[in-house]
Amino acid sequence: MSRQVDTKGPNVSQTVTLSFFRFTGFSTRAWALMMMGLARGPLGKTPDIGFWKLCGSGTGHGFNLTLNPSVIAILAVWPDAETARNRVESAPIFNTFRNRAKESWSVLLTPTSVRGAWDGSTPFAATTNQSAGPMAALTRAAIRRKIIPRFWRQVPDISANIGADPNVTFKIGIGEVPMLDQVTFSIWPDKSAMDAFARTGPHGAAIKAVREGDWFAEELFARFTVHSDIGTWGGTSPLAGLEAA
């Protein structure tokens, strides 16, 4: 199952996919945990794949200390949307996860802005053209060890506010290393809704604290237009409400 959101924007080359796989049952979850190590070789050898990351997830809406063993995520960069869709739907490693998962969902994204680095490089090539329509935000932070207690005292307020915001369409926290390397991903109906959340409340206070306290060893902030998706999450497409709107 797949669908596309009309973003009324120009075609661009690079496409980013974020794929989620939900596992149930002890043995299947144990298999998924094992694959966090074993899948790295096949992922890196997937034709046309660029930058990629294999991530675990948390139980909240953003940065979270509680791990969720039921969900694994794959972030991948592709040269174009057609290639991205073909590889996500047919590459062996994606099918391996999909065949074991209770449910899977992939969202295709067009980068519109990126600031910062991930493992020393900028993984996304942003277009200068900002399309109208649904937007996604990705924030990645490598947290300095010395400020871990201070960071985790403030973050729960931000995660709770993301979940409570009536405008957010989808939200999840993922990461490579528990406590130290964290990623938040969220989808919003438009740029104004995303900006309104970023400017106010605990989120704005946290950004100010980060800038003043040098909390992160490395950070990345990226925004995307939502291109299309494949599969379901929670029995439906998270983009279904955006299509209706």
Side-chain angles (χ1 to χ4, degrees), residues 2-21 39-40 42-55 72-95 97-98 104-142 169-172 174-176 181 183-191 194-195 198 218-231 233 237-239 242:
S2 65
R3 57 205 54 78
Q4 181 164 332
V5 175
D6 181 10
T7 56
K8 300 182 176 62
N11 293 324
V12 296
S13 49
Q14 189 189 80
T15 297
V16 177
T17 58
L18 190 52
S19 302
F20 301 98
F21 303 90
R40 297 181 183 277
L43 263 175
K45 295 176 182 177
T46 301
D48 303 306
I49 199 168
F51 181 90
W52 62 268
K53 289 293 179 181
L54 182 61
C55 298
I72 283 178
I74 300 175
L75 173 74
V77 177
W78 312 93
D80 54 69
E82 182 179 4
T83 301
R85 179 171 292 276
N86 288 339
R87 296 292 180 256
V88 167
E89 289 184 323
S90 62
I93 189 59
F94 283 87
N95 281 333
F97 277 109
R98 189 179 296 110
S104 64
W105 180 63
S106 297
V107 60
L108 282 68
L109 308 162
T110 300
T112 59
S113 67
V114 56
R115 177 167 56 85
W118 196 330
D119 289 348
S121 65
T122 302
F124 312 127
T127 174
T128 56
N129 297 300
Q130 177 72 55
S131 298
M135 300 286 296
L138 184 148
T139 301
R140 181 258 176 179
T169 302
F170 178 83
K171 63 281 182 185
I172 195 168
I174 58 177
E176 293 181 88
D181 195 299
V183 178
T184 62
F185 177 75
S186 56
I187 297 176
W188 304 79
D190 51 46
K191 183 177 181 296
M194 181 189 295
D195 288 344
E218 191 178 51
E219 58 186 320
L220 176 79
F221 301 95
R223 289 186 173 189
F224 311 83
T225 54
V226 178
H227 179 278
S228 57
D229 73 340
I230 305 165
W233 201 247
S237 164
L239 305 186
L242 298 176

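Starting from 1, each residue takes its place in the sequence as its number. Atom set for the values below is all heavy atoms of this structure, side chains included, hydrogens, waters and symmetry mates excluded.
- Expressed to the nearest 0.5 Å, how far CD1 of I72 lies from OG of S104 amounts to 12.5 Å.
- A salt bridge links E218 to R140: at least one charged side-chain nitrogen sits closer than 4.0 Å to a carboxylate oxygen.
- No side-chain heavy atom of F224 sits less than 4.5 Å from a side-chain heavy atom of L18.
- Atom NZ in K53 sits 3.5 Å away from atom CG in D119 (nearest 0.5 Å).
- The backbone N or O of V88 lies less than 3.5 Å from a partner atom in the side chain of R98, making a donor-acceptor pair.
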Step-by-step side-chain contact (heavy atoms from CB on, under 4.5 Å) determination, I49 to W78:
CA-CA 5 Å; I49 199 168; W78 312 93; 3.7 Å; yes
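- A distance of 11.5 Å separates CD1 in I172 from OG in S186, rounded to the nearest 0.5 Å.
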For the pair R85 and S228, evaluate side-chain hydrogen bond (donor to acceptor under 3.5 Å, both in side chains) and give the outcome as yes or no after the intermediate values.
CA-CA 9 Å; R85 179 171 292 276; S228 57; 2.8 Å; yes
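- Minimum interatomic distance between A91 and T46 (heavy atoms only, all atoms of both residues): CB-CG2, 3.9 Å.
- Shown here for W105 and G231, the closest heavy-atom pair between the two residues is CD1-O, 3.5 Å.
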List the steps, then state whether side-chain contact (heavy atoms from CB on, under 4.5 Å) holds for L220 with R115.
CA-CA 6 Å; L220 176 79; R115 177 167 56 85; over 6 Å; no
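- The two atoms that bring T169 and P238 nearest to each other are CG2-O, 3.0 Å, heavy atoms only.
- Between F124 and F51, the ring-plane angle classifies as perpendicular under the 30° and 60° cut-offs.
- Taking the side chain as every heavy atom from C-beta outward, M135 and T225 approach each other to under 4.5 Å.
- Distance check: L109 CG to L75 CG gives 8.5 Å after rounding to the nearest 0.5 Å.
- In this structure, P111 and V16 approach most closely via the heavy-atom pair CG-CG2, 3.8 Å.
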side-chain contact (heavy atoms from CB on, under 4.5 Å) between I230 and F94, worked out
CA-CA 12 Å; I230 305 165; F94 283 87; over 6 Å; no
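- Of all heavy-atom pairs between L108 and A81, the closest is CD2-O, 4.0 Å.
- For the atom pair CZ of F20 and CD1 of I74, the computed distance is 10.5 Å after rounding to the nearest 0.5 Å.
- Side-chain atoms of R87 and T17, non-hydrogen and from C-beta on, never get closer than 4.5 Å to each other.
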Verify side-chain contact (heavy atoms from CB on, under 4.5 Å) between T15 and H227, making sure each step is shown before the conclusion.
CA-CA 9 Å; T15 297; H227 179 278; 5.7 Å; no
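- Side chain of T112 to main chain of R223: a donor-acceptor pair is present (N/O by atom type, distance under 3.5 Å, no hydrogens or angles).
- Here the closest non-hydrogen pair linking W233 and F170 is CD1-CE1, 3.6 Å.
- The closest side-chain donor-acceptor pair between D229 and S237 falls under 3.5 angstrom.
- The structure places NZ of K45 at 14.5 Å from CZ of R40, a figure rounded to the nearest 0.5 Å.
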